[in-house]
Amino acid sequence: MFDYVFDTDIGIDFANLDDLTDDKLNQVEKKLGVKFPAAYVELMKKQNGGTLSYNEFHSNKVPDGEVDIDSIMGIDVEDGIGESNYLVEEWDIEKGFVLFAGDGHEWFAFDYREYKGDNPCVFYITDEGKPKKVAKDFESFLKNLKKPEFDDADEDDDGDFDRVYTKEEVEEYIEEGTSHFDISAGLEQFAKEKGHMEWFIKQSLKTIEIEEIDDISWTVGESVLIKLRVEPRENWPIDSLQKIVDHLMAVTEYEGVSDIVAQRLGKRIQRNILQ
């Protein structure tokens, strides 16, 4: 019913997990000690998590009346909402909340603190201030998701969007370590092409060492996952891939707090290696 909220035009969606099964659902509910809302389960059975096109949550209970949400977590034992207990502890959030959307600084969560049923209310949680109830249930939460209005100023007109990079150009941008756009676009281009695996991983290893560009590790993690989908397994350099995993798992944001996006990408690469 609400699957229209997902963005189906982005190609590979790293927030979209493997199809939800009843067995997986039971395992995750047992792990978290809760019963998920029927509306959430129904949506996840249509698409098990994903990036949102209806990515603005509108409510007079959130700052400025709206909050951007990148994605809704899918259901998996070691990923998506199955990571909630770890995230609650990592971000010093009150036990009893089950996180289903957020990025570390702000979250949306089911409130099971004093509730044992299967239709909890939804809270908005930030690293400042008290959690706020923003929806009576998950269905009401979904109804308050809106699609951003189109803005001509947001169009990308720098002329490089459809650019085709050479290996030499990508190497030069990585060596300079200043253009996040060109490094990301170049790595993604070669990630989508079969071949060049040894070269691609070598450049990825160089890229994760660039300290001057914020979130560059996310670029590497996403590009590597794309590459693993198109490149035959026999061509995978496992030792080098493990170095990328180890790096992603060790990335921090500030004061030693783990970068949850980098960790999630690292875990997904690790699972591919171990399959």
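For the numbers below, each heavy atom of this structure counts, side chains included, while hydrogens, waters and symmetry mates do not. Everything numeric in this text was worked out from a predicted model, so none of it was measured.
- When the side chains of ILVMFWY residues are joined at heavy-atom separations under 4.5 Å, either directly or via intervening members, L20 and V77 end up in a single hydrophobic cluster.
- Looking at F200 and E193, their side chains never come closer than 4.5 Å, going by heavy atoms from C-beta outward.
- Within a 6.0 Å sphere centred on CG of D215, other residues, nucleotides and ligands contribute more than 12 heavy atoms.
- Checking each of R271, K267, K31 against D79 for a salt bridge (charged side-chain N to carboxylate O under 4.0 Å, His left out) leaves exactly one that passes, namely R271.
- Counting non-hydrogen atoms of neighbouring residues, nucleotides and ligands closer than 6.0 angstrom, the CD atom of E169 exceeds 12 such neighbours.
- For E90, the CD atom counts as densely surrounded, since its 6.0 Å shell holds more than 12 non-hydrogen atoms of other residues, nucleotides or ligands.
- Surrounding CD of E176 are more than 12 heavy atoms belonging to other residues, nucleotides or ligands, all under 6.0 Å away.
- D7 and T51 share no side-chain donor-acceptor pair at under 3.5 Å.
- Looking only at side-chain heavy atoms (C-beta outward), V67 and V134 stay at 4.5 Å or farther from each other.
- Between the side chains of D23 and Q27, at least one donor N or O sits under 3.5 Å from an acceptor N or O.
- The minimum heavy-atom distance between E188 and I226, with the atom names listed, is CG-CD1, 4.3 Å.
- Of the charged side-chain nitrogens involved, none lies within less than 4.0 Å of a carboxylate oxygen, so that E198 and K202 do not count as a salt-bridged pair.
- A 4.5 Å side-chain heavy-atom check between Y112 and L32 finds every atom pair outside the cut-off.
- Both F181 and Y173 sit in one connected hydrophobic cluster of ILVMFWY residues. Membership requires side-chain heavy atoms under 4.5 Å apart, directly or through other members.
- Classified by interplanar angle (parallel below 30°, tilted 30° to 60°, perpendicular above 60°), the ring pair F108/F141 is tilted.
- Side-chain heavy atoms closer than 4.5 Å link hydrophobic residues (I, L, V, M, F, W, Y) into clusters, and following such links, even through other members, never connects L87 to V251.
- With a 4.5 Å cut-off on side-chain heavy atoms, M44 and V41 do not count as touching.
- Looking at heavy atoms from C-beta onward, P37 lies out of side-chain contact with D137 at the 4.5 angstrom threshold.
- Aromatic ring orientation, H196 versus W199: perpendicular (interplanar angle above 60°, classes split at 30° and 60°).
- In this structure, a donor-acceptor pair under 3.5 Å is absent between the side chains of N85 and E89.
- F110 and Y40 have their aromatic ring centers within a separation under 6.0 angstrom.
- Shown are K133, K61, E106; of these, the side-chain hydrogen bond (donor to acceptor under 3.5 Å, both in side chains) with Y124 is made only by E106.
- Proximity of W91 to I260: side-chain heavy atoms (C-beta onward) are separated by under 4.5 Å at one or more points.
- Under a hydrophobic clustering in which Ile, Leu, Val, Met, Phe, Trp and Tyr are joined whenever their side-chain heavy atoms come within less than 4.5 Å, directly or via other members, L248 and L228 fall into the same cluster.
- Taking the six-membered ring for Trp, F138 and F100 have ring centres closer than 6.0 Å.
- The nearest pair of heavy atoms linking T219 to H180 is OG1-NE2, 2.9 Å.
- Open room surrounds NZ on K35; 12 or fewer heavy atoms of other groups in view lie less than 6.0 Å from it.
- In N235, the CG atom is crowded: over 12 heavy atoms of neighbouring residues, nucleotides or ligands sit closer than 6.0 Å.
- Taking a 6.0 Å sphere around CD of E168, one finds it holds more than 12 heavy atoms contributed by other residues, nucleotides or ligands.
- Proximity of Q263 to E83: side-chain heavy atoms (C-beta onward) are nowhere separated by under 4.5 Å.
- Around atom CG of D19, no more than 12 heavy atoms belonging to other residues, nucleotides or ligands sit under 6.0 Å away.
- Clustering ILVMFWY residues whenever any of their side-chain heavy atoms sit less than 4.5 angstrom apart, transitively, puts M197 in the very cluster that holds I238.
- Using cut-offs of 30° and 60° on the angle between ring planes, the pair F123 and F97 is tilted.
- Two residues are said to be in side-chain contact when any heavy atoms from C-beta on lie closer than 4.5 Å; D22 and K45 meet this criterion.
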